[in-house]
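A note on names: the letters A, B, ... follow the listed sequences, proteins ahead of strands, and every chain is numbered from 1. Excluded from the calculations below are hydrogen atoms, water molecules and symmetry mates; all remaining heavy atoms, backbone and side chain alike, are included.
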There are 2 protein chains.
Amino acid sequence: MKQITKKVIKNSLKRIFLYRACLVKLKLMGVEKVFSYTLANETGVTSDQVRKDFSEFNIKGNKRGGYDINVLLEKMEKIFHRSKDNNIVLIGMGNMGLALSKYSKFAQRNMNIVATFDIDPFKQKLRSGIPVYSMSRLKEIIDRFGVKVAILAVPEISAQEVADELIRYGIMGIVNFAPVLLKVSPDVIINNVNLCDELESVIYYVHKLMKVDGLKNLELLYRDMKY
Amino acid sequence: MKQITKKVIKNSLKRIFLYRACLVKLKLMGVEKVFSYTLANETGVTSDQVRKDFSEFNIKGNKRGGYDINVLLEKMEKIFHRSKDNNIVLIGMGNMGLALSKYSKFAQRNMNIVATFDIDPFKQKLRSGIPVYSMSRLKEIIDRFGVKVAILAVPEISAQEVADELIRYGIMGIVNFAPVLLKVSPDVIINNVNLCDELESVIYYVHKLMKVDGLKNLELLYRDMKY
DNA sequence: CTTTTTTTGTGATTTGTTTCACATCAATTC
DNA sequence: GAATTGATGTGAAACAAATCACAAAAAAAG
């Protein structure tokens, strides 16, 4: 329990999400097959990159024929274990927690928040479709629903403590919205979402852009950024 | 306007955020100076990495003496243009928008949401401290407050349209919470925050962890991930 | 049925990032 | 004040990721 909490998403996995978003859109538009360069144009990566990423995840297309969108999406379902539902718990029903509990996109992707938790008994009365429990029932619910992944939206002061508790009860992955570096054993997956950092980095690059005289060094600036 | 919307945060910049978070914590604890390995231990990177990152941003320490926390934090303030306040607008007062408008950490870091906007006149009555305007007043407010950065929390169906409008009125950077790939000219900074993807990637790695027999290939798995 | 075209899939190459290793400097010890 | 110690800072080496370039396959054309 001595170390770190870094490591998040591999770039290629991030891009797979990107491709999938495109594929879903294209499918809705009635398209049935894509070529690597279709996805490339749509997502702003190169077509080589698309194929390399696919090859990494063992996704095969048809020589000359491109990729069948349905087959691709199915493959990706498999990659993301979409077959079975994933039960999630959400801890902390402050502003952010409440918004997350109402976020319908999770359920659309078979990620179900089965219960939310808060220490504040007032919050426990809040209605959002999903039950709000007291922290004392955490273990019971985690066991009952076989929950492995949690969303942590508690104040930073209690984040570490709650994380420890979650992990003790069998949680293996946490999306952490508290701006703290959780210290956990390396066999627990932590994905930090730091809203301030996200906003701040945009400000950083905007300021940088404004300083670049007449867009001349724009290319140079862009080389500084990553997907 | 033909292109993409990728590129976000450089890894070294992300780590600078990390270091800063640590420094703030250490300062609160009364610590006055740090060594590269202090930060390294605390953040889970190597001390070489810390020094390389600092060197990239032209941050110098004292041979043998380490780094003075106050000086470091000041340097970082400069990097992030913390001297002046940054005015932000927030578009879309749904669940997520509302939560973001109440998120006090932005203001603590001198990022002020000066106004929020929504098409729904009912939302415009919602009180959250920050005024909620109709979209028709967007240009006026952006001009008045010299806003350069926006948070986009509208439904995905209208995200592109609103983004275009924002950019037309002079917005240069957007934190986009809608799960769409915005198509913008390359001199606009877009930082996508996709909540589903964040959750889903954790599920992905947790499943992967569970398949790894007896933690034997854990090291292998970890090599797959990134800071 | 042969040739051409088009697109995939993947080694080879290039580019970028992290780690290593050590020269350099400043504080401390003797 | 010389010698030792403990840190930084940075080129060099190792590693990782992205791009290039082309062989292979399949469809289409002749």
Taking only side-chain N and O atoms of B:Ser55, does any of them lie within less than 4.0 angstrom of OP1 or OP2 on D:dG9? no

Quick one: are B:His207 and A:Asn86 in side-chain contact, heavy atoms under 4.5 Å? yes

Shortest non-hydrogen separation from A:Val50 to A:Ser36 and the atoms involved: CG2-O, 3.8 Å

Could you state the CD-C1' distance from B:Glu56 to D:dT10, rounded to the nearest angstrom? 14 Å

Rounded to whole angstroms, how far apart are NZ on A:Lys14 and C1' on D:dA17? 15 Å

Would you kindly give the CG-to-P distance between A:Asp53 and D:dA17, to the nearest whole Å? 11 Å

Between P on D:dG9 and OH on B:Tyr37, what's the gap in Å once rounded to a whole number? 14 Å

Taking the basic N atoms (NZ, or NE/NH1/NH2) and the acidic carboxylate oxygens, is any pair closer than 4.0 Å for B:Glu156 and A:Lys105? yes

In whole angstrom, what separates B:Tyr67's OH from D:dG6's P? 18 Å

Toward the 5' end of DNA chain C, by each residue's nearest nucleotide, A:Arg64 or A:Gly61: A:Arg64

Any side-chain N or O of B:Ser36 under 4.0 Å from OP1/OP2 of D:dT8? yes

Do the rings of A:Tyr67 and A:Phe54 sit parallel, tilted or perpendicular, given the 30° and 60° boundaries? perpendicular

Grab the two heavy atoms, one from A:Glu42 and one from B:Leu181, that are nearest each other, plus how far apart they are. O-CD1, 4.1 Å

Determine, for A:Lys14 against B:Glu198, whether the closest basic-nitrogen to carboxylate-oxygen distance falls under 4.0 angstrom. no

Would one find a side-chain N or O of A:Gln49 under 4.0 angstrom from OP1 or OP2 of D:dA17? no

Counting only side-chain N and O atoms of A:Lys60, is one of them less than 4.0 Å from OP1 or OP2 of C:dT10? yes

If I take atom CG in residue B:Asn62 and atom P in nucleotide C:dT24, what distance separates them, rounded to the nearest angstrom? 19 Å

Going by salt bridge (charged side-chain N to carboxylate O under 4.0 Å, His left out), name the pairs with one or both residues in residues 169-180 of chain B, residues two or more places apart or in two chains. none

Ranking D:dA7, C:dC20, C:dT10 by distance to the side chain of B:Asp48, first place goes to C:dC20

If you pin B:Phe35 and B:Lys52 to their nearest nucleotides in DNA chain D, which one's is more 5'? B:Phe35

Nearest-Å distance, CG (A:Asn58) to P (C:dT8)? 17 Å

Heavy atoms from C-beta onward define the side chain here; which of D:dG9, C:dA26, D:dG11 lies closest to that of B:Arg51? D:dG9

If I take atom CG in residue A:Leu39 and atom P in nucleotide C:dT7, what distance separates them, rounded to the nearest angstrom? 13 Å

Between B:Lys33 and B:Asp68, is the closest basic N to carboxylate O distance under 4.0 Å? no

Of the listed C:dT18, D:dA7, D:dT19, the closest approach to the B:Asn11 side chain comes from C:dT18

Can you figure out which of C:dT18, C:dA27, D:dA24 approaches the side chain of A:Lys63 most closely? D:dA24

Axial bend angle, the helix from C:dC1-D:dG30 to C:dC30-D:dG1: five-pair end segments, nearest 10°: 10°

